[in-house]
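Okay, structure first, notes after.
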Amino acid sequence: MLKNFSFRTTIVALFILIYSGSILLFNGYFNKQQNSIQDVYDSIKIDDSFSNLTFKSAQDSLKAREILNSYSQAKSATNLIVGQTKIYSTIFIFIAMTISLIIFILIFLNLTKPLKELTEATARIKEGDYSIHLPENGLDEMKRVKQSFNEMSQELENVQHRLLESEKQMIWKEMSRVLAHEIKNPLTPIQLAIQRLEDKYYSDKEKFYQIFPESAQMVYGEIENLRNLVHSFSKFAKVSQPSLEQINLSKSISEILRPYLDSYQINLEVSDDCLVMFDKTHFYQIMTNLLQNSIDAIEGAENGEITISSTISHHYVILEISDNGIGIDDEEIARIFEPYFSKKKRGTGLGLALVKRLIESNNSHIRVTSKLNKGTNFELYIPQKERSK
Amino acid sequence: MINFVTKYALMTIVLFSGYKGNSPFFSEIKLDKNIDYIIINSELKNAFKEDFKPLFRSGREIPVWFEVEVYENKQIVYLNKFRHIVSFDPLSKFYTISLEESNLKYRTSSLSDLKQMISALELQIEHDFDFSKNYEVVIRSYLKKVYLSSLKKEFDLNVLWRYQTPQIKKGFKFDAQEF
């Protein structure tokens, strides 16, 4: 039962239980003892026997009267004192209990509230928010703890900024390297082709006319590659704001798969009533990219197969794109969504980076698992469209 | 704040003090009216069950105080304070009860008769109350401190009623047709 309550509640509840229990026990014992005293007094009975005596003189009877009155007054005074004591002691005990409880709770809160603040602040730092700053108030020890925490979060923030800066620089360097490499690749054959044409034009005109169409075709091809390169970078740079609309996954994926079904073994196992809210264009780009990756993976493989299936779990639709292709190395899989990372001979390495970006902009996320020479499995976690009541 | 603390203290006494005491209350007020008088009747119940016997037999006069007020539109138009006094002769073993509101005295050897007599209240008020107005009668009772000579000390008798002051109210109006 104690597991269901917070630490603070448990401590306060235990304190109240033990403290009140002790007080009530003490009060009960005290009352019992007083009742015993009263019983002793009650057992003393002298008035009946006294009043039956015969007195020799008026003085004697007066004395007897006085004795009896004293006895009765003492007895009634005992009752009054016992009653008063019981009542006042109970009030004092409960006032003392209430005051000490209030003091305990105040001190306890002064201790646990800062701890709670620290816990919440640590959780925010864990989420990456280093700007959190705790008010440096409260007990001295707590103040010092909070000061240390603030210094730590400030340092973490500084480190984060430095890391971001160096990451940016690394990205620029990587991008420059890729760009240089990708641009150089088509430029070299273009240059060679033109050099060859120039050479033949001046030395062997017949040969020139022979090789011209082929060279021109090659140059056009490389220019087209450069254009595609520019287009890829441009697409990655400007991912548009998603315009969410209801998508029937089975229907949309079937349309995307149509051009590929004749050439590849693709199995679609998505239920017909699977609905999500997603940007249609983004979804098309994502599926096309992932499909192309799977197709590249199974290229040349015997019995190469791609399966697209869906399941529902914890308010997410999990869309799986699996292939039995060449798979991805364990070391590379961690970097697969990084921009400009690619193991292919040609390509910008932006395809999967773009997929990840598009998915996240639609409040979804992606996971990948793979085994070399066994295949790869991409899982898209898309929030399920809530059914209207 | 004071009201809260008082109620908290009373609740504590009632629930936890372990002291039995008495919980007095008034029975419903009965009103008889004629053209010249109002007769107010009520009875104090459950007031003298515990711990009063030795007190009544202490030889000291023990007064029980009563207050009767009549209000017209929250303005007091009649007030009477009086006592029911008990004294006891330990040798003859007789109680004497004095009822101040009616100037009557009684003697009895029975404790139960004594309790009945001091609890009963009958007050005759000569009035010039208005037929058209609404009135309210309020009766309350309380105990005060008494000095016990043999102990040379004062004691607050309110503890026997657990510091309660029993009170009852009743509204009334004259109907001209009654008279």
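Sequence lines set the chain letters: A, B, ... in the order given, protein chains first and strands last, and positions in each chain run from 1.
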query: What is the minimum heavy-atom distance between B/Asp89 and A/Arg65, and which atoms define it?
result: OD1-NE, 2.8 Å
message: Show the nearest heavy-atom pair for residues B/Val159 and A/Gly83, with the distance to one decimal.
response: CG2-C, 3.5 Å
statement: Under 4.5 Å to a heavy atom of chain A? For B/Asp156 that would be both
field: Beyond-backbone contact of A/Asn79 with B/Leu55, side-chain heavy atoms, under 4.5 angstrom
entry: no
- prompt: Atom CZ in B/Arg162, atom CD in A/Gln84: separation rounded to 0.5 Å?
  reply: 15.0 Å
query: Counting heavy-atom pairs under 4.5 Å to chain A, which of B/Gly59, B/Ser149, B/Pro54 comes out on top?
result: B/Pro54
- prompt: Side chain, backbone, both or neither: which part of A/Ile93 has an atom under 4.5 Å from a heavy atom of chain B?
  reply: neither
- prompt: In terms of heavy-atom contacts, does CD of B/Glu154 have more than 12 from other residues, nucleotides or ligands at under 6.0 Å?
  reply: yes
- prompt: Is it true that a side-chain atom of B/Ser58 and a backbone atom of A/Gln73 form a donor plus acceptor pair closer than 3.5 Å?
  reply: no
message: Looking at B/Tyr147, I want to see if its OH is surrounded by more than 12 non-hydrogen atoms of other residues, nucleotides or ligands under 6.0 Å.
response: yes
query: Within a radius of less than 6.0 Å around CD of B/Gln116, do more than 12 heavy atoms belonging to other residues, nucleotides or ligands occur?
result: no
message: Just checking B/Lys170: does its NZ atom have more than 12 heavy atoms from other residues, nucleotides or ligands closer to it than 6.0 angstrom?
response: yes
Heavy-atom neighbours of A/Gln33 CD exceed 12 at 6.0 Å: yes
- request: Give, for atom OG1 of A/Thr78 and atom CZ of B/Phe155, the distance between the pair rounded to the nearest 0.5 Å.
  value: 8.0 Å
field: chain B contact via A/Phe30 - side chain, backbone, both or neither, heavy atoms under 4.5 Å
entry: neither
statement: For B/Pro90 and A/Asn69, the nearest pair of non-hydrogen atoms, with its separation, is CG-OD1, 3.5 Å
query: So do the side chains of A/Ser76 and B/Leu148 get within less than 4.5 Å of each other, counting heavy atoms only?
result: yes
query: Quick one: CZ on B/Arg60 to OG on A/Ser72, what's the gap to the nearest 0.5 Å?
result: 14.0 Å
